[in-house]
Visitor: 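Got a structure for you, questions after.
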Protein chains: 2
Amino acid sequence: MSKTTPLDAAEQSIRLTGAKLTRPRVLVLSVLLKSERALTHHEVESRLPAGSDVNRVTIYRVLEWLTEQGLAHKIAGEDRVWRFNAAAHQHTGPHAHFECSDCGQVLCLEPVQAKPAVRLPAGFRQQAVELTVKGVCADCGPVHGKSRGHGRHQH
Amino acid sequence: MSKTTPLDAAEQSIRLTGAKLTRPRVLVLSVLLKSERALTHHEVESRLPAGSDVNRVTIYRVLEWLTEQGLAHKIAGEDRVWRFNAAAHQHTGPHAHFECSDCGQVLCLEPVQAKPAVRLPAGFRQQAVELTVKGVCADCGPVHGKSRGHGRHQH
DNA sequence: CCTATTTTTGCAATTGAGTTGCATTTATGG
DNA sequence: CCATAAATGCAACTCAATTGCAAAAATAGG
């Protein structure tokens with residue numbers, strides 16, 4: 001009953017795509033799997049095991065590839081920076097994200113039940129609905145009393 | 001009962017801010033007012049009257065300024081390009097956008113009635129909800145029968 | 001195990017939206 | 001008309017992301 005580590009999970013998922021199993025792919029995917037929120041390219045880079053020495057461009061390409069394979073999900077934030085999260089965290093149906101207007105962090109929210117019907121102009125075809133809640137995350141918000149000692153802003 | 005032109009409307013709105021009434025501001029705002037959809041910086045630039053000769057940077061700055069003044073609204077698209085539309089088109093309440101996955105065009109949709117309640121994690125504060133419908137716009141969609149003769153894609 | 005073949009990587013250079021510093025010009029108040 | 005604060009124009013810059021191409025893996029087949 002050994003728990004599967006993110007690394008194992010990553011390796012497994014990548015094998016299933018039929019493409020080559022490479023170190024950068026495994027490492028990047030396992031970084032995504034370990035995070036509960038969507039990560040920027042830089043965040044992924046800095047969370048790679050020390051000395052992994054994976055090229056910047058390779059990270060971009062792996063991230064892109066993971067998205068194509070459906071193993072990751074790509075989110076455009078207000079700061080024009082892509083963020084990625086592992087598809088394991090994905091919900092189907094209408095997708096909801098939270099975006100912090102202070103630090104820019106993005107995370108997936110529970111799927112919404114009441115999918116609001118939107119009226120599209122004639123000739124328009126709907127493919128997906130995305131709901132983004134903007135606000136302030138716990139780290140950036142006003143600390144009333146509790147004083148959690150971190151609050152690292154990213155801007 | 002002479003109809004107010006976009007130019008007049010633009011001039012009026014800008015006067016009301018109390019700031020200087022300048023040619024670039026009037027021209028840019030009137031371009032936004034004339035468009036029913038959100039425009040990128042480049043679209044604004046190319047729609048300025050021939051020979052207006054307004055600097056690229058000035059357009060950025062005017063667009064930014066209009067947003068600060070509440071005269072325009074800034075939207076981040078999947079293609080990491082800002083789009084702006086005149087605030088006259090704005091609705092209050094939960095905001096809905098349509099984004100074409102083909103040409104990237106963004107436009108405002110009628111406000112949604114059923115604001116879906118989303119459950120945020122503890123410590124998170126909600127400021128705004130934005131609903132984005134992704135799909136294919138009339139110009140990019142399959143032309144079944146009608147054959148409208150334009151369909152200019154932008155990618 | 002070794003080699004052929006195809007993918008991936010790494011590196012360097014490039015793109016393109018958006019920004020900044022600073023000198024010059026312009027709108028407006030007196 | 002003049003002073004002056006505010007905008008503009010210009011050039012250079014930032015920074016995420018992309019591209020071309022040669023070098024380096026990863027699998028398939030022997």
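Letters A, B, ... mirror the listed sequences (proteins, then strands); counts begin at 1. Predicted model, so just to flag it, every value in this text is computed and none were measured. Values below: all heavy atoms of this structure, side chains included; hydrogens, waters and symmetry mates excluded.
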Visitor: So, does A:Thr40 use its side chain to make a donor-acceptor pair with the main chain of A:Arg83 at under 3.5 Å?
Guide: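 Flag not set: sc A:Thr40 to bb A:Arg83 has no pair under 3.5 Å.
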
Visitor: Kindly say whether B:Ala9 contributes a backbone atom to a donor-acceptor pair with the side chain of B:Thr4 at under 3.5 angstrom?
Guide: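 Here the side-chain-to-backbone pair does not exist.
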
Visitor: A:Leu32 and side chain to side chain contact (heavy atoms under 4.5 Å, CB included): which partner among A:Leu63, A:Leu71, A:Val62?
Guide: A:Leu63

Visitor: Over how many whole Å does the gap from B:Glu78 atom CD to D:dA17 atom P extend?
Guide: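 About 12 Å, once rounded to whole Å.
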
Visitor: Which residues satisfy the ring pair (Phe, Tyr, Trp, His ring centres under 6.0 Å) test with B:Phe84, sequence neighbours excluded?
Guide: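 B:Phe84 satisfies ring pair (Phe, Tyr, Trp, His ring centres under 6.0 Å) with no other residue.
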
Visitor: Kindly list each side-chain donor-acceptor pair under 3.5 angstrom involving residues 49-58 of chain B, sequence neighbours excluded, with atom names and distances?
Guide:
from: B:Ser52; atom 1: OG; to: B:Pro49; atom 2: O; distance (Å): 2.1
from: B:Asn55; atom 1: OD1; to: B:Val57; atom 2: N; distance (Å): 2.7

Visitor: Could you give the CZ-to-P distance, from A:Arg25 to C:dG10, as a whole number of Å?
Guide: 12 Å

Visitor: Between atom CD1 in B:Ile14 and atom C1' in D:dA6, what is the gap in whole Å?
Guide: 15 Å

Visitor: Tell me the interatomic distance from A:Glu11, atom CD, to D:dA26, atom P, rounded to whole angstroms.
Guide: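 The distance from CD of A:Glu11 to P of D:dA26 comes to 12 Å, rounded to the nearest Å.
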
Visitor: If a protein heavy atom is under 4.0 Å from the base, mark B; if only from the sugar-phosphate, S; if neither, -; do that for nucleotides 18-30 of chain C going 5' to 3'.
Guide: BBBB----BBS--

Visitor: Would you work out how much the helix from C:dC1-D:dG30 to C:dG30-D:dC1 bends between its ends, with each end axis defined by five base pairs, to 10 degrees?
Guide: 30°

Visitor: Would you kindly give the CH2-to-P distance between A:Trp65 and C:dT7, to the nearest whole Å?
Guide: 13 Å

Visitor: Does anything in residues 5-57 of chain A form a ring pair (Phe, Tyr, Trp, His ring centres under 6.0 Å)? List the pairs, not counting sequence neighbours.
Guide: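 Sorted pair list: A:His41-A:Tyr60.
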
Visitor: Output the rest of the hydrophobic cluster of B:Val106: all Ile, Leu, Val, Met, Phe, Trp and Tyr residues reachable through side-chain heavy-atom contacts under 4.5 Å, sorted by chain and number.
Guide: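 Once heavy-atom contacts under 4.5 Å are chained together, B:Val106 belongs with B:Ile75.
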
Visitor: Which of these passes side chain to side chain contact (heavy atoms under 4.5 Å, CB included) with A:Phe124: B:Val136, B:Leu109, B:Leu107?
Guide: B:Leu107

Visitor: Hey, is the side chain of A:Asn55 poking within less than 4.0 Å of OP1 or OP2 on C:dC11, counting only N and O atoms?
Guide: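 Affirmative; the distance criterion is met.
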
Visitor: Separation of B:Asp79 atom CG from D:dA16 atom P, in whole Å?
Guide: 18 Å

